[in-house]
Structures are given as C-alpha cells and as structure tokens.
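Remarks on the structure that follows.
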Amino acid sequence: MAGFALGIVVGSLLGVAGAPAQAADNDTCLVCHRSPLESSKPGKTGPFYIDPEALARSVHGGLTCDTCHQGFTAGPHETGALQGVDESLRKVAGELQKKRGKGGVALASCVTCHYESFQDYSQSVHGVALFDKGVKDAPYCLDCHGPPHTLMPKESPASRDFYTNIPTTCASCHGNSEIILKYRLNTNVVPTYQESFHGKKLILGSSDVAVCSSCHGAHKVVDPQSPAFTEGLAMRCGQCHEGASPKFATAFAHIPATETSQKIVHWAERFFAVLTGGVILGLVTHIGLDLASQVRIRQRRKKGKK
Amino acid sequence: MDANDKVLRWNIHYRLQHVLMFTSFIILVLTGIPLKYAGLGVSRVFMNLWGGPEMASTVHRTAAVVMIISCAYHLVYLGWRMWKGIFSPDMIPSFKDLRDLYDNIRFYLGLARRPPLFGRFTYWEKFDYWAVFWGIFIMVGSGLVLWFPVETVRFFPVWALGIAKVAHSDEALLAALAIFIWHFYNVHLRPEIFPMNWVWITGTITRRELKEKYPLEYERLRLQEALGAQRPTGIPPQEPEAVASAKRGGTESGSEQGI
C-alpha cells in the first residue's frame, strides 16, 4: 500500500505541474450542461445538470470544468480523450473503477490538488479498505465531502464537514445498520456518542464539544485499538480537558453500560431504576389514598350539615 | 390564649435555607433536565432560553454552588444549635414514624376512625427532609465528579465517571419527580392546604392548626406553657427571636420549637 501511495504522491506532484494544458472556458461546457437534460430513465432529470450559480458559490467555484474533468480537449466526449491525462491520476481512477464499479478521472481528480490529504487517506482504515482490501462501500473523497459541484468550505454550516455536522456525516455509514452488519463495524459508536455529554450538548446546539474527528482525525482515521490511535489520545482530550491523562482518555471508549467491563455502571443504572420506580410508586399511592380520604371526609361533613 | 395565636414553626434561618434550596433546585432542574433529554425537541427550546448549552452549564454550576451553600448553612446552623444546647432531634426518624405510617394507611383505608397523633413532624415531612439529605449527598458528590473529571480519575478508577453520570442523571429525575409530584401535593395541591402552606414565608402556624395537625407537639407546647415557660426537655425558654418578636408586639407568641 505504501508503495502505491508513494507512487500517487509523486505522480500527483507531476500532475499539478502539468495541469490541464488547454483550459476550456466553463461557458462552453455549460452550453449543454446548464439545463436539465433528458435522462435515460423517463421522468428523471439527467445527471449532467449543473447549476452555474451553485457552482460559482461552491468552494471550487473558481476552477474550470476541466480541472477535474480532464481529457475533454479534443471536442466533446470523444473516446480516447484520456490519452492526455496524467498517468498517476489515471491509475487512481482505474483503481476506483476496479474496486467500486465506478470511477473515472473526475472522481479521482481530487488527488491532483489535495495530494497530502490523499496520502493521509490512503494510510487510513478507509483508504486501506478501499484500495487494499477492495471494500466497495469504503468511503472515498465525495462520500464524506458531498457532491462536488456544490461543495462548500468547511466553515459553512451547509458543508458536510462543518464541525457540528461531522457526527451526522460519519453516521451515514457508522449509524447505517446495513453497512454495520455487512462489515461488522462497532454498533455502539453512534449510540454511545449520542448518550455522552459531548453528543447531548452537540444536539442542543453547542459547538464547543468533541465530535468524531476531534479524537479520530479526518483523513487519517486509524484503528482505535492501534497504538497510533491510543498514544496521542490523551493529548487530544487535553485540548479541552486540561491535564488529561492516558487513564482519563480511556473513559470515553464507546463502551455501553451493558458490557461486562462496565458492569458496575450497569448495576448503578439498575439500582436507580428500581429506587425511582419504587419510591415514586409509593408516593403516588400515598397521594391517592390521602386524596380519597379527604374527599370522603368532605362528603361526610356535607351529609352532617344536611 | 387564642386559637388564632401564632406559633413559630420555622425560624428565619430555616426559611432562608429553604428559599436558597428551592430556587437553586428549580434552576438546576431547568438547566439539567433538558440535557438529560437532549433528544427531545423541547429540550433545545429550553436550552435556547438559557442562551445555549454553554450558558446553561454555567448557570447550572452557579446554582449548584448556591445549593451547596444552603446545605453548609443548614449544617453549620444545626451545629451551632447543638453547641448552644438548643438542638432537639425532632427530625430524627423513630419507630413511631413506622407505626404512624401503618396507622395512617389504616385510616386512609377506613380501618381506623382517626389518623395517628403526630408530633412536631409527620413521617412524610421527615421523609421529605431525609430524601433531600440523601439527594444532595448524591447530587453534589456526582456533580463534582462530572465538573472535575480530569481531577477525579487522578484519584479514582475511570468507572467513577460512569457511575457519577448515571447517579447524577437518575437521582435528578427521582428528585424532580418527588418534589413536583409529592412535595407539591403535600404543600400546595392537597385540598386542605390549597393554594399553599404559607409557613415557608411566615414561619408560623396558628395554635388551631398545630392542634389539628401536630397534636402531640401542641400538647408539649401547652405543658411547657403550664410549667411557666420551662421547657420539659431542658431547653432554654424563648428563643431570642421569639422574644424580640413579642417585644415588637408581633403576633408570634409561644416559644420557637427547636429542630
């Protein structure tokens, strides 16, 4: 994998240097792609419609179409147009095509500018899963970052990578029961976060709490059991919890109270459930009895007066 | 001695402790329960009223400090009374309370002609007091753990945080339900008492009320008066406050009852 990644890095550096030779004017493309095209499926809008205004607003609004859609230089959609495309980019595109059944240069082309992120990604659990293990559903750039033509900067609340949107973005797989079952992911990840103070405050509108990436990072997500993750964890906790120790860092490990290691917490839950239920039941019964007797006394008094 | 004459039941210290306690309690509930039920849409509305979760958190901790102060005030005051030799253990649970519970339920069920004769505090009043005592102990303990988690794991196992979270969250619900259902019924909604038992403001109840609700305490008071202000328990007669009140020509007569 490392060799592959290195090849990509070197290649992409070259790619940047030899960026699209003939930058076509976006308007040329938008002549056709401005309006909804007929889809092969009746009643549906084709996939080629680009809203020029949304594109202009997006973080990539300043780019030309052929920054990503490389190879369309010899006239529209001519076959064999890929000849002029950088080889390393074509290699990634080919890998994507092979592993996911869909690829193309445009999908792979993030590498051209964001090669550092790609390098991190290719070492992550997600990158390894996709490129080394051939896991079809493993996320690639757009799965986390969203549709490319309306991609917003991460400072925008509309972005899938806006700080407080990150748990929702990750949960699109880690909270998806189909994906969880298929790849035997940890089922507790999302529920335990939602139950935590971090998750609760996030839902209530706080932006001052840890989200997934605060502990796991973004592009270089590694196995949480590995030293690469656990070694730096206390430091990451310490960004908010001053003086956090490695012991403290183990406190939040997505372990539900029902697990054996959390038995004592589980028993505390049971204890309070029984205590609360018992006490409130007793008190409500007492109220009911008291109320009934008060009503009875009043009726007796009324009868007495008559 | 007129039946409408008033007897001091809660002196100014107890009333102040109660006010500090319930204002901080209500604020703690309003800032804390929305966090417990963060998933409910209404919780977010509540949080926004406080100016967001960060502000609510600050308010919550401030109210907690007020509550801790009210407790400290109470305990120090009781200590002071002990030191002065005017502490009387009326709030300590006794076998009679169990007996009273049993007799009162018999009365409720129509198996006894009249309710038991209560002393200064009924068993349900003692229950309220000790429920709060237990509750504060749990809430302050677990609350401090959650406030200072980094410091806590320096001295305790990591699961202390898990326990503290469960205890704080669940005991809070129990306390809120107990106060807003049980305590509010007993001191506000009960047909005999509605709209409320004013003693938390005035500190006094009439001799008639004392005779009706706490007959044994009434008898003790009468005996004390008959003995010429010589307290049967050896407690000095006439609290300074009661004396001052009498001198002012206030309506409060009779001696204050020590807790």
Side-chain angles (χ1 to χ4, degrees), chain A residues 194-197 199-209 234 237-238 240-253 255 257 261-273 275-280 282-298, chain B residues 34-40 43-48 50 52-54 56-57 101 104-105 107-110 115 124 127 131 138 142 146 148-154 157-167 169-175 177-178 181-183 185-186 189-193:
Chain A
Q194 285 172 335
E195 277 303 303
S196 75
F197 281 112
K200 287 183 169 190
K201 282 179 83 174
L202 182 82
I203 279 189
L204 291 170
S206 174
S207 53
D208 204 19
V209 291
C237 298
C240 299
H241 299 279
E242 209 178 311
S245 60
K247 185 182 164 195
F248 175 81
T250 63
F252 190 81
I255 301 171
S261 62
Q262 301 284 303
K263 214 169 219 167
I264 190 159
V265 178
H266 181 54
W267 281 108
E269 272 178 357
R270 297 272 291 266
F271 169 75
F272 278 105
L275 181 74
T276 306
V279 168
I280 298 301
L283 297 185
V284 169
T285 309
H286 195 280
I287 289 173
L289 289 171
D290 185 70
L291 206 53
S293 101
Q294 291 230 338
V295 170
R296 208 168 52 226
I297 290 167
R298 287 197 169 197
Chain B
L35 189 62
K36 179 172 170 68
Y37 297 105
L40 298 179
S43 298
R44 180 137 194 191
V45 176
F46 260 93
M47 277 295 172
N48 289 340
W50 292 109
E54 302 311 328
S57 161
L101 171 65
N104 201 31
I105 287 184
F107 167 69
Y108 283 156
L109 296 173
W124 64 83
F127 172 85
I138 299 284
S142 58
L146 297 174
F148 304 104
V150 174
E151 290 75 8
T152 299
V153 295
R154 218 169 275 160
V158 165
W159 50 254
L161 298 182
I163 296 260
K165 192 183 159 209
V166 167
S169 164
D170 291 6
E171 176 64 28
L173 179 66
L174 175 54
L177 289 176
I181 298 175
W182 166 253
H183 188 61
Y185 172 77
N186 284 324
L189 300 175
R190 202 162 180 252
E192 217 174 55
I193 281 164

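Keep in mind the model is a prediction, meaning the values are calculated, not measured. A, B, ... follow the sequence lines: proteins, then strands. Residue 1 opens every chain.
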Residues A:Ala268 and B:Ile163: closest non-hydrogen pair is CB-CD1, 3.9 Å
Under 4.5 Å to a heavy atom of chain A? For B:Pro149 that would be both
The interface call for B:Ile138 against chain A, heavy-atom contacts under 4.5 Å, is side chain
Chain B shares the most heavy-atom pairs under 4.5 Å, among A:Thr276, A:Leu204, A:Ile203, with A:Leu204
Within the supplied structure, the quantity of interest is the number of heavy atoms (other residues, nucleotides, ligands) at a distance under 6.0 Å from A:Arg270 CZ; does it exceed 12? no
Per-residue tally against chain B (heavy atom, under 4.5 Å) across A:Leu275, A:Val295, A:Ile280 peaks at A:Ile280
The interface call for B:Leu189 against chain A, heavy-atom contacts under 4.5 Å, is neither
Under 4.5 Å to a heavy atom of chain A? For B:Leu161 that would be side chain
(message) Before you tell me yes or no, could you show the steps for A:Lys247 and B:Val158 under side chain to side chain contact (heavy atoms under 4.5 Å, CB included), namely the whole-Å CA-CA distance, both residues' side-chain angles and the distance that decides it to 0.1 Å?
(response) CA-CA 7 Å; A:Lys247 185 182 164 195; B:Val158 165; 3.7 Å; yes
Output for pair (B:Trp159 CH2, A:Ile264 CD1), nearest 0.5 Å, gives 3.5 Å
The interface call for B:Phe46 against chain A, heavy-atom contacts under 4.5 Å, is neither
Greatest number of non-hydrogen atom pairs under 4.5 angstrom with chain A, of B:Glu192, B:Glu151, B:Arg190, falls to B:Arg190
If one checks every heavy atom of A:Phe271 against chain B at 4.5 Å, the contacting part turns out to be side chain
Using modelled atom types and a 3.5 Å cut-off, is there a donor and acceptor pairing between side-chain atoms of A:Lys201 and backbone atoms of B:Pro53?
no
Assert top hit (heavy-atom pairs under 4.5 Å, partner chain B, pool A:Leu283, A:Thr250, A:Val265) equals A:Leu283
(message) Could you go through A:Phe197 and B:Leu35, starting from their C-alpha distance and side-chain angles, then the distance that decides it, and tell me whether this counts as side chain to side chain contact (heavy atoms under 4.5 Å, CB included)?
(response) CA-CA 8 Å; A:Phe197 281 112; B:Leu35 189 62; 3.7 Å; yes
Honestly, the part of A:Gln194 sitting under 4.5 Å from a heavy atom of chain B is neither
Bottom line for A:Gln294: the part with an atom under 4.5 Å from chain B's heavy atoms is side chain
**Prompt:** Are B:Trp124 and A:Asp290 close enough that some pair of their side-chain heavy atoms sits under 4.5 Å apart?
**Reply:** no
Closest non-hydrogen contact found for B:Asp170 with A:Glu269 is OD2-O, 4.1 Å
Problem - A:Lys200 side chain to B:Lys36 backbone, donor-acceptor under 3.5 Å - result: yes
Under 4.5 Å to a heavy atom of chain B? For A:Ala292 that would be neither
Practice prompt. Apply side chain to side chain contact (heavy atoms under 4.5 Å, CB included) to the pair A:His286 and B:Trp182, showing each step before the final yes or no.
Written response: CA-CA 9 Å; A:His286 195 280; B:Trp182 166 253; 3.5 Å; yes
Whatever's closer than 4.5 Å to a heavy atom in chain A on B:Asn186 counts as neither
In short, B:Phe107 meets A:Ser293 closest at the heavy-atom pair CE2-OG, 4.0 Å
| said: B:Phe127 vs A:Val279, test: side chain to side chain contact (heavy atoms under 4.5 Å, CB included). Steps then yes/no. | reply: CA-CA 11 Å; B:Phe127 172 85; A:Val279 168; 4.1 Å; yes
Rounding to 0.5 Å, atoms CG (A:Leu291) and OH (B:Tyr108) come to a distance of 9.5 Å
The interface call for A:Ile297 against chain B, heavy-atom contacts under 4.5 Å, is side chain
